[in-house]
Amino acid sequence: MNIVSDPKAIGAVLSPEANQAARLASATGILTVDLDAIVANWRKLEKTAVPAECAAVIKADAYGCGADPVARALAAAGCKTFFVATLDEARVARGALPSAAIYVLDGFLQNCGDVYAKLDAKPVIGDLNELAEWDVFCRRSGWQGGAAIHIDTGMNRLGLSISEAQGIVPRINAGDHGITLVMSHLACAEALHNPLNARQLANFREIASLFSGVPASLANSSGIFLGPQFQFDLVRPGAGLYGINPTPEADNPMQPVVDLKARILHIRNVDKGEAVGYGATWTARRATRLAIVSAGYADGYFRAGGSSDGTRGAEVVVCGRRCPIAGRISMDLMGIDITDVEKNAARRGHMVTLIGEGITVDELAHHFGTIGYEVLTSLGRRYARIYKGGPAPTELAAATPA
């Protein structure tokens, strides 16, 4: 269910501020996405990669931040090339980006040539069978929208082998080949001194040099910070745009993008020695005040963030103070120990901060035993969503019934 203003509804006569307040009054959680921060991160990456072009990866709904508003904000800032994973994502992207170049990382799907042509989307081809099917489609249809060639230089995931790529060089050098980009993907870019980075760079430099006149791309967000030799003609940042640290061995150069809040549903007192939550794994060591908060693993707040008598879990910010989670995270709820918060400062209906106020996506990922990518892409659809900044103020509260 999308909660938006209906011009025929009574609420349409209210001010935008009143409408927003009405939409958010029933929200049990609020995810705010700062489009200006995303744009600032893109500009930082663009400046770092000069003279290479800086594209943007907006797959997985722009890493959970909303592909449509993110794409529009980046396009307004000057981004001209975008990467998505699937054709469905390309449809969303094209709706927001009427003139941008859109690459589909999953490649050329059988019997879908007309869809690529209709969307003017470029497949990222990483298999000789795909290349043959794409060639047949282009010859039969006359489509000249272009495609990328993906070469595997050491990840062993998608991509032509080095020998396969060498085999198509005569075809490329013959002209009129329709290849607009040659690319590969780094496996260990976030690890500055991993020897695989140098091996992949050498492999890619050698093979890309054979693709005469075709722009080359190797670096993701972390790869940009490996140095100019990794940047080639185009860089493809994803996670860094959304505030995830692309240089985990150093301070994060990116601005935080998301702020996540959830509502206190109930405050209760627990006696010393009483257990809390499923499995009774957490026991109060003192008389304790608990805030029961409306977020859980169904909302992307992983069960691994909970605590037990022997393990401290994640924290949330309540009234400006960090407070520990008490017990297991359940599907829709979590308990927070607010004993050290000033009495009556936190009340039923108040919001607490799950991401923001110093709690980063990367910190939460550490507690969850995962990476920031998974945290962002798992944030549930039950949160109301607010977008701030961008080319024009945009506010959209979206929620799905429990």
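Any value given below was found using the heavy atoms of this structure, including those in side chains, with hydrogens, waters and symmetry copies removed.
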Review point. If you measure from the Lys or Arg side-chain nitrogens to the Asp or Glu carboxylate oxygens, is any gap between Asp259 and Lys388 under 4.0 Å?
Key: no
Check your understanding: Rounded to the nearest 0.5 Å, how far apart are CG of Leu290 and CD of Glu274?
Key -> 11.0 Å
Review point. Any side-chain donor paired with an acceptor under 3.5 Å for Thr153 and Ser184?
Key: yes
Point to revise | Tyr373 vs Tyr242, ring-ring contact (aromatic ring centres under 6.0 Å, His included): CA-CA, chis, key distance, verdict | key: CA-CA 9 Å; Tyr373 300 63; Tyr242 309 105; 9.5 Å; no
Review point. Do Asp337 and Thr339 have a side chain donor and acceptor closer than 3.5 Å?
Key: yes
Point to revise | Beyond-backbone contact of Ile151 with Phe211, side-chain heavy atoms, under 4.5 angstrom | key: yes
Practice item. Find the distance between CG (Leu333) and CZ (Arg328) and round it off to the nearest 0.5 Å. Key: 15.0 Å
Exercise for review: In plain terms, say whether Asp135 and Arg171 are close enough for a salt bridge, that is, a side-chain N and a carboxylate O under 4.0 Å apart.
Suggested key: yes
Practice item. Any chance you could measure Ile264, atom CD1, to Ile336, atom CD1, to the nearest 0.5 Å? Key: 8.5 Å
Exercise for review: Any chance you could lay out the side-chain hydrogen bond (donor to acceptor under 3.5 Å, both in side chains) test for Arg236 and Ser217, step after step, and finish with the verdict?
Suggested key: CA-CA 8 Å; Arg236 314 184 308 270; Ser217 176; 2.8 Å; yes
Point to revise | is_close_aromatic(Tyr116, Phe108), centroid dist under 6.0 Å | key: yes
Exercise for review: Hey, could you give me the CD1/CD distance between Ile207 and Glu164, rounded to the nearest 0.5 Å?
Suggested key: 11.0 Å
Review point. Between Asp309 and Arg285, is there a side-chain N and carboxylate O pair less than 4.0 Å apart?
Key: no
**Study point:** Spacing of Asp127 atom CG and Trp134 atom CH2 [to the nearest 0.5 Å]
**Key:** 14.5 Å
Point to revise | NZ/NE/NH1/NH2 to OD/OE distance under 4.0 Å, Asp114 and Lys118 | key: no
**Study point:** Donor-acceptor side-chain pairing of Thr247 and Glu190 below 3.5 angstrom
**Key:** no
Review point. Got a salt bridge between Asp340 and Arg322, using NZ or NE/NH1/NH2 to carboxylate O under 4.0 Å?
Key: no
